[in-house]
Structure formats: C-alpha cells, structure tokens
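Structure, as structure tokens:
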Amino acid sequence: MKTRRTAGAAAAAALIASLGVTGTGATPAAAQVLALAPAVPAPCAASTMVKETLPNGTTWQLCWRIQQKSGLVLEDVSISSKRYPEPVSVLKSLALAQLNVPYDSGTTEYNDITDFGFGGEYLQTLGGDDCKGGSARVGSDGAAEPVRRQVLCVSAEQSGLAYRSANDETTKPPYSKQGHDLVLRAVSKVGWYEYVTEYRLHDDGQISARLGATGDLSPGDFTSPDKGWPIGKGARAIATSHYHSAFWRVDFDIAGRGGEYVEQYDTKPAGQGSVSAKLTTSHRIVAKEGSFSKANRRWWRVVSGNARNADGHARSYELVTGASDVYEAHPETTPDVTFTQSRACEKYATGNADPECPTRRSILDYAGNKETMKDPIMWVRVGFHHVPRDEDQSPMPLHWQGFDLVPRDFTETNRLAPPERSGVNGGN
Ligand SMILES: [Cu+2]
C-alpha cells in the first residue's frame, strides 16, 4: 500500500507538472487535446476555475468556491473527452449539506455544518503533506470578512486499471488502459476532528463525493463500556461511540438544459427459469418530492428530460451508494436519499434557517408537500457509526464515507474506448 501510494504520488507530481496545473501552460500533447474541444464560455474567473485534461484525454471543467457553512462547493461541472470532444454539462452544484454527530451516551450531539461550518475560521490553510504531488490553490476562505489563503488542493491521481480487453485476435498486447482522477480537496477543523472534503472526477465520467475524518478523538468523551470502547490502559478510558451522518446536496444540469426527472429501479424474483431464477426489472418515475431507502437491487437515477446520446437514449446519472449506517433516532437521518423541487433557500439537509423559507427547516419539510418536481435536487445521506479503537490515537487514521454518481447512457459507448473499438455498439 505504502509503495503504491509513493509511486502514485510521484506519477501524479509528474502529471501535474506536465499538465501545467498552476495555469502556466500545457505540454504540446495536452494542448492538442484541448484544441479539439470547442471553447465554452467561462462561467467563473480563472482563479476559481479548474480545467484539467487527464492523460486519457478527458477534460473536466468546473468552478469552485468556499462557502462559510458547506465549505468546498463545486459548480458548473462539465466534461469532454477525445472521443466526445464537445463539453457537456453534468452538475449545476455539489456541496455538503449537513454533518450530524450524535454520541451514543445520549448527552452530546453536533450539527457540524450548520452549527459551525466547514468554511471561514474552520477551513484549514494547507500545509505539510496536505497537497503533496498536487497543486495548492489560493482562494477566499468564505468567512464574513474573507481572507485569501491556500485552501484547495487539485491533483491528478492514478485510479488503477480502467479497462482491458483481449477479444480481438489481431491485437497484441490487449487493449489496456490505466485510469486517472482529477481530485479536489479541502480540510476543515471542527473541534478535535479534522474533516477532508473530497471530490474525485474520474476520466470515465464518474463523480465520487467523500468525506474523510481525521484529527483526534475528543479527549473528554468517556462513557460506560456498553456505549464505547476502551482506548487507554485497561478499561479506565472508554471513548464514546458516535455517528457521522453526512448529507450532500446535488443539483444536476445534464447537458445544460435542466428539466431532469427521477426514476427508481427495482429487480424482483419472478419464478424459476429452465436453468436459473428469473429476475424482472421494473421502474417508476418519482414525479413528486419524497424520501427513499435502499432495498436489495434498488437504485435511482436522475434523467435528462430532453438530452439524449447518439443512440437516442436519455442521458442520465445513477446514484451508487456503498456502506451506510442508518441513525434511526431522527426521521431526517433515516432515509438514504430525498428528492425535492429546487429552491435556493433550501440549502441544508437539516438546521436550515433561511429567512426566505423560515418554516422549511429540513429535507422532510422540503418534501412534505409532495410537490411535483420540475428541477429535482438530490439529497444523499451516508452514515458511519464510529466505534473508536486504540489505533484512532493519534492522529486518527482517515476514515471515509461517500457515494458515486455514475454516468448511464451519457455517451453511447465507453468514453475512453480505443479508436479501434469505436464501431462496437449494440452487437455490430
Ligand atoms: Cu468519529
């Protein structure tokens, strides 16, 4: 693991240098790829824009800013690639929308985003190894009286084998590619914990949002053995177990046209076939606001109402969640995903206190009137029940929680496919 990380960091450093991440210029190879892409009107100033071409030819462009409560916010995210050179918009915005931290003792609970915030005084200036192999960007820290500091790390990181195929007798060696991610990171310190907000834009079109927790366990939060774990000698110090329930607010803008709709898919057993069980997949349009929970083989996607790929299939992004503990003590932290009609004053998943919508405090209020959605916002919750361990001190190794947004029919074939495979589409 250590060897791999070192190799990755060295490669990323070389890559960043070759890409001219600091904005000082690009190599001829990178420039050639960029030249294929038509100019897109710049949605933000150069200092708040990130536009990078990864080695496989995928270019991600976005605007970033630090908001006092949510911390790092991505806006106007678009993608192009060698095979699909026209930039196509994916997201209007993506940001953290709450971090609920209740302790199992029943005596302590924080809402780190709305009670404190990830921007302003809580946002850390990058130092040490925070951005090794990447490029640290200076920007406003989002405070009421903003200060310009080194707060964002931009890096290109290897993501492992992107694809391999030997199904072509004439090809020696097989088609085989290493993938890369464009990674954006900011660090916020709230109390003893230090949180890493990370967005990972993969060269195949996938977007991953993660929250990492490090820093130190709160040194005074000790409890009884049934509500924590002994971390000192013997059983004298029982560190209290607690939850980190994180929420993200996702506003899609597929192909820059808005007007998306939501679908839920379920696959159910439908009797026995001649060899194996029959499974039937069905879907329904989630037309009205509401909250939803995972079930076996259930998933959701946000679909463009008017943008299609060249095969005539509606462009969409699918929500893929992994491990997630449910904190059932609050109705707000129980569902996995909530879809609501877009409203600018509905910024946070809970603890929303905006004078424009004073009675709408949480996602349950936003979804409560079951309005028909014309521009859906996706609120994703991912929970982690943290039972401390001896190794959490000190500093605590990063533990991560998050989700993926995976393109589904956004392009008619693999964005990274080699030219020789460009004709493979639907059995021909
Ligand atoms: Cu924790």
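All of these numbers come straight from a predicted model, not from anything done at the bench. Each ligand, and each atom within it, is numbered from 1 in the order the structure gives. For the numbers below, each heavy atom of this structure counts, side chains included, while hydrogens, waters and symmetry mates do not.
Side-chain contact of Thr281 with Thr267: a donor-acceptor pair under 3.5 Å is present, judged by distance alone. Using modelled atom types and a 3.5 Å distance limit, the side chains of Glu109 and Asn100 yield a donor-acceptor pair.
Aromatic pair Trp64/Tyr199: ring centres not closer than 6.0 Å.
Each protein N, O or S atom less than 2.8 Å from the Cu ion (ligand 1) was counted, giving 4.
No side-chain heavy atom of Ser135 sits under 4.5 Å from any side-chain heavy atom of Cys153. With contacts defined as side-chain heavy-atom distances shorter than 4.5 Å, the pair Met396/Arg389 does not qualify.
Classification of Arg298 and Asp266 as a salt-bridged pair holds, one side-chain N sitting under 4.0 Å from a carboxylate O.
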